[in-house]
Every structure is written in structure tokens, then in C-alpha cells.
Amino acid sequence: MLNPQLLRSDLEATAEKLAHRGYPLDIEKWQQLETSRKAIQIETEALQNKRTTISKSIGQAKAKGEDIQPLLDEVAQIGETLEHSKSQLKDILLQMEQVTLYTPNLADESVPLGKDEADNVEVRVCGIPKVFDFEVKNHVQLGEKQLGLDAESAANLSGSRFTLLTGEVAQMHRALSQFMLDMHTQKHGYKEFYVPYMVNAQTMQGSGQLPKFADDAFITEDDRYLIPTAEVPLTNLVADSIIEEQDLPIKMTAHTPCFRREAGSYGKDTKGMIRQHQFDKVEMVQIVHPENSFQALEEMTSHAEAILQALDLPYKVIVLCTGDMGFSATKTYDLEVWVPGENTYREISSCSNCTDFQARRMQARFRSPDVKKPQLVHTLNGSGLAVGRTLIAVMENHQNTDGSISVPPALQPYMGGKTQIN
RNA sequence: GGUGAGGUGGCUGAGUGGUUGAAGGCGCACGCCUGGAAAGUGUGUAUACGUUAAUAGCGUAUCGAGGGUUCGAAUCCCUCUCUCACCGCCA
């Protein structure tokens, strides 16, 4: 949620910034709502005050044995007006909430203006794609023979957009997530978490997945949601809480499966395991002091990069333009890994600073000794990394002429010392 | 799934219809006391929203959540939810 003050004191500039994000705000309607809200809220509270005051004096009069009938008559008149006023206010607040809950975060000044992914800006390129002296295979081709990547069986079990891994490929998939977790906990200072894979609606709303993106998530019969990312449970751990300033930053990591409907992406990435209904991801989340969030974003991005570097995978870092950023983000870096089989870079991580947007929805605050009032924290999240896509990248980048795959040295300890799978 | 007992402020713990946002205690903050500390003692100590230049006042809301009864609800009624205990089932 945006700071409601912005929509009052700086409506036009805010609307313009929202327009950059592809979100049209109906200024006139909003102003109308705001004007009536103010009038009706003041009226309602005044009436309520009057009623409370009279009710209290009824109590006192009764205690003294006085006649309370005149007071009862007086308060009876308030009743109806108050009911009316209350329901009007409720209605207006509901309408305003519908607007605020659906309004995205504002982009940071440093974010390039743009409409869609074509306007994203490359920040740096790291590593050089290997030159192969044979015809490179993509991961589907690599996996379908002796290596264990079985789309057909998965389709028989579950339908499209699922993958079945077997043997050494399955082992490598497991090894990757272990490796990533160890890196983040041992070298980058994150605490490891094991979290629920199903959460309630309130939790989904806290981090911004609901109400706007309800169609993207799987919902269970008892109204729980399968997490689309560990960001959801991790970030919401600080919901409705007041943290001591000295306890910031809080750095958390978790390895979980992620579940996404992928509604609206029919026909996109249907081959292979790029876009799946279920995929594993190691997620990083930071809860930080507002002054430090942009620095934390740089650090978190470098933590994700460290994994790619350790696995000897070429990648580039791009900053998403205003039109391509996610709902809750104020600035996002995407990491794109080199995928030789497609002769292109593909997204493998997304690191975002959400500033106080999620914190306001969740009421996640901290208390500083110098400031009396609790202040909103800033939240960040980043993939470190998407495990399935990392597996693809390792397979394709470290493939050999004979179709075998070299295990990157950093990963070998996690695979019983194996240097190659075939 | 069944039965029972419960959810009150940072914590603990009173409170079954009337100045109760909420006693007492602990903790915390500031002061007094002290050579210094402890003990003792005094004062203060929730959050959100609105109004406002204001983190000053003032107002509204909040005792798990949502409804209801009432002039008035932490207190009465209904629904949901979570916790605990026992039974059943189960990795």
C-alpha cells in the first residue's frame, strides 16, 4: 500500500508516477471519495462522541437514582442519524480500500521509465559464454536420453508444465538447493527457515499477491493458498509486529517449492522446464531499516550473483523499467543467466526493494530509541536462485560433446564428489 | 474427527453490562535517594485512524476475528479462528 498521505497532499504527481507503472488512477473519483470521506468521518465521529457522552451520563444518573428518560429520548434521536452516517462511511472507506489495495508501489527515481521488458536497462554483464566446438543441445535434448528429465511421465501424472527428474539429474537438482542454502547461511549471513507451503488470504495480501493477483495462485478447498514463492511466508513473519531497531536487519532464507497457475501464459515456454506450475527456489528476504534498503538491494543482488559465479555461469544484471516491475517493488534487478540451448539470456533471479509498501499492508514496524512512534520497516526479497532454471543453466553451459555434463567444482561436494554426470 | 478448557496491554494477571484504554505486579524510561550501585521511592509507559503545521492538543476505534442485543459491551448471544488437554486416526 502506498502512503495515504501521498494521495492527499501530492495526488497529481503521484498519479503521474503511477501512470509510468501502467496504472491509471482516476484522480477525480479519488478526490470525490476523499472529500466525502472527510466530511462523513468527521460527522460520524462527532455523533459517536455525543452518544458515548450521553450514555455515560445515563449511567451516572441511574446511579444517583435520577430520572433517565429525558436522556434516553435524546440519545434515541442520534441513533438513526448515526447508523446512516456509519454505513455511508463504511461504504466510502471500502471503495477507497479497493483503490489502495490495487495500486502498485511507486518506482524509485533511479528506475528507468519504460513500458515493458524491451525498455529494461542492462547494468552489467558477467562471465563470457563458452564457445562450443560442437552443436549445443538444450536441456530437453540433454535430458531426454540417459539423463533423467522426463516431461512425458510428468504430463501423464499431472498435465502440462510439470517435470519429473530422475537419477543424477534429480540429485543435481537437490545438490543445487543445498549448495545455495549453505552459501547464504554460511557466507551471506542469512538465517535458514523451513516454512509452510500453504498460507491464508491475509498473508497473501500482506506481501501483495492478493487481492489483485488471485488468479495466479492455487487455492485449496479450505481457502488456503499454495505459496507462489517463499517471499510470502518469510516476509509475513514480521507482520503486525514492532521490532527493536537493534534487531535490524533481519536476513532470512528458505528453500521451498513454488506453485503458480501461470494463467495467461498459454503457449509461452511450453517446452522444457523453464515455466512450470511447480518449481523449487531458494529465496532471500531482508527486513531492514528504511535508510539502508537500497544498499541492501545491491547486497542481496550480489548474493544471488555469487551463486552464479560459483557455478561458473555467465549472466547479466538488468534493472527493470517502471512498466515491467512487479506490483510491490520500488526497484528490481533481474539476473539473467546464459542459456546456450536457446542462445540467449533467461531470467533466473529477481531482487526487489519493496520499501514500505508491504510493511504498510502488514503493519510491520520497528521502534528506534530516538523516535517515539514506531516506523515502518522496509522489505526486500530476491531469488537466490530459482533451482530448476539453475539446473537447466548448469546442464546446458557445462555440457560436453558426448552429452555428459561436467559438475562445477563448487557443486561436487554436494554430489558425493562426482565430477560428471552422464 | 470427538469432548472439554481457554484467548485481556511488552510480559504476568484482575475484571460478568455504566466515566475501564482497561486495577495490581513485572519490565522499561526519567527523577529523588546514594561516594557509586542495589534496595527504597515518585512520575510516566499501547496501537491505528481522523483532525492539525505538529510525533502538541482534541476526537474515533481496538480486550483473538466478524456479526448481533443494548442508550451503553472486555463483560450477554451467534458464527469463525487459534491455543491447550484428553480420545480417535496418522507420517
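Model, not experiment: these values are computed from the prediction. Chain identifiers are assigned alphabetically (A, B, ...) following the order of the sequence lines, protein sequences preceding nucleic acid strands; residue numbering begins at 1 within each chain.
- Across all strands shown, A:Lys62 has heavy atoms under 4.0 Å from base atoms, whether or not it also approaches the sugar-phosphate.
- Pairing for B:C86 is with B:G2, a Watson-Crick or G-U wobble pair whose two hydrogen-bonding atom distances lie under 3.5 Å.
- At the heavy-atom level, A:Arg367 lies under 4.0 Å from the strands shown only through sugar-phosphate atoms.
- Ionic pairing of A:Glu305 and A:Arg124 is present here: one or more N-O contacts between side-chain nitrogen and carboxylate oxygen are shorter than 4.0 angstrom.
- Residue contacts for A:Pro4: at a heavy-atom cut-off of 4.0 Å it reaches no nucleic acid atom on any strand shown.
- The separation of B:A23 from B:A74, taken at their P atoms, amounts to 14 Å, rounded to a whole angstrom.
- Across the C1' atoms, B:G72 and B:A61 are found 16 Å apart, a figure rounded to whole Å.
- Remark: the A:Ser207 side chain and the A:Glu231 side chain contain no N/O donor-acceptor pair separated by less than 3.5 Å.
- Note that CD of A:Glu336 and CD1 of A:Ile318 are 4.0 Å apart. Values are rounded to the nearest 0.5 Å.
- A salt bridge is absent between A:Glu262 and A:Arg161: the closest approach of a Lys/Arg side-chain nitrogen to an acidic carboxylate oxygen does not fall below 4.0 angstrom.
- Spacing between B:G64 and B:U12 at atom P, rounded to whole Å, works out to 14 Å.
- Within the shown strands, B:G59 is the pairing partner of B:C49 under the Watson-Crick or G-U definition, both distances less than 3.5 Å.
- Of the C1' atoms belonging to B:U62 and B:A73, the separation is 13 Å, rounded to the nearest Å.
- Sorted by residue number, the members of residues 68-84 of chain A with any non-hydrogen atom under 4.0 Å from RNA chain B read A:Leu72, A:Val75.
- In terms of position on RNA chain B, the residue among A:Ala46 and A:Ile242 whose nearest nucleotide sits closer to the 5' end is A:Ile242.
- A:Gln60 comes within contact range of at least one nucleobase, with a heavy-atom separation under 4.0 Å.
- Summarising the geometry, atom CD belonging to A:Glu34 is positioned 4.5 Å from atom CZ belonging to A:Arg8; distances are rounded to the nearest 0.5 Å.
- Look at the P atom in both B:A65 and B:G7: the space between them is 13 Å, to the nearest Å.
- Here, B:G44 and B:C49 have their C1' atoms 25 Å apart, quoted to the whole Å.
- In this structure, the side chains of A:Arg21 and A:Asn105 come closer than 4.5 Å at one or more pairs of heavy atoms.
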What do the steps show when you test A:Arg360 against A:Asp356 for salt bridge (charged side-chain N to carboxylate O under 4.0 Å, His left out), and what is the final call? CA-CA 6 Å; A:Arg360 186 170 292 107; A:Asp356 60 9; 3.0 Å; yes
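- The environment of CD in A:Gln186 is crowded: more than 12 heavy-atom neighbours from other residues, nucleotides or ligands sit within 6.0 Å.
- Using Watson-Crick or G-U wobble geometry with both donor-acceptor distances under 3.5 Å, B:U19 finds no partner in any strand shown.
- B:A5 and B:G10 have their C1' atoms separated by 26 Å, given to the nearest Å.
- Remark: B:C76 base-pairs with B:G68; criterion is Watson-Crick or G-U wobble with both hydrogen-bond distances under 3.5 Å.
- Under the 4.0 Å criterion applied to side-chain N and carboxylate O atoms, A:Lys17 and A:Asp10 are not assigned as salt-bridge partners.
- On the nucleic acid side, RNA chain B has its first and last nucleotide under 4.0 Å of a heavy atom of chain A at B:G18 to B:G72, going 5' to 3'.
- Taking a pair to require two hydrogen-bonding distances under 3.5 Å in either a Watson-Crick or a G-U wobble arrangement, B:A14 remains unpaired.
- Along RNA chain B, the nucleotide closest to A:Asn49 and the one closest to A:Gln5 are compared, and the more 5′ of them pairs with A:Gln5.
- Considering every non-hydrogen atom in both A:Asn353 and A:Thr379, the closest pair reads OD1-O, 3.6 Å.
- B:U43 is paired with B:A29 under the criterion used here, namely a Watson-Crick or G-U wobble arrangement in which both key atom distances are under 3.5 Å.
- Comparing the C1' positions of B:C26 and B:U51 gives an interatomic distance of 37 Å, to the nearest angstrom.
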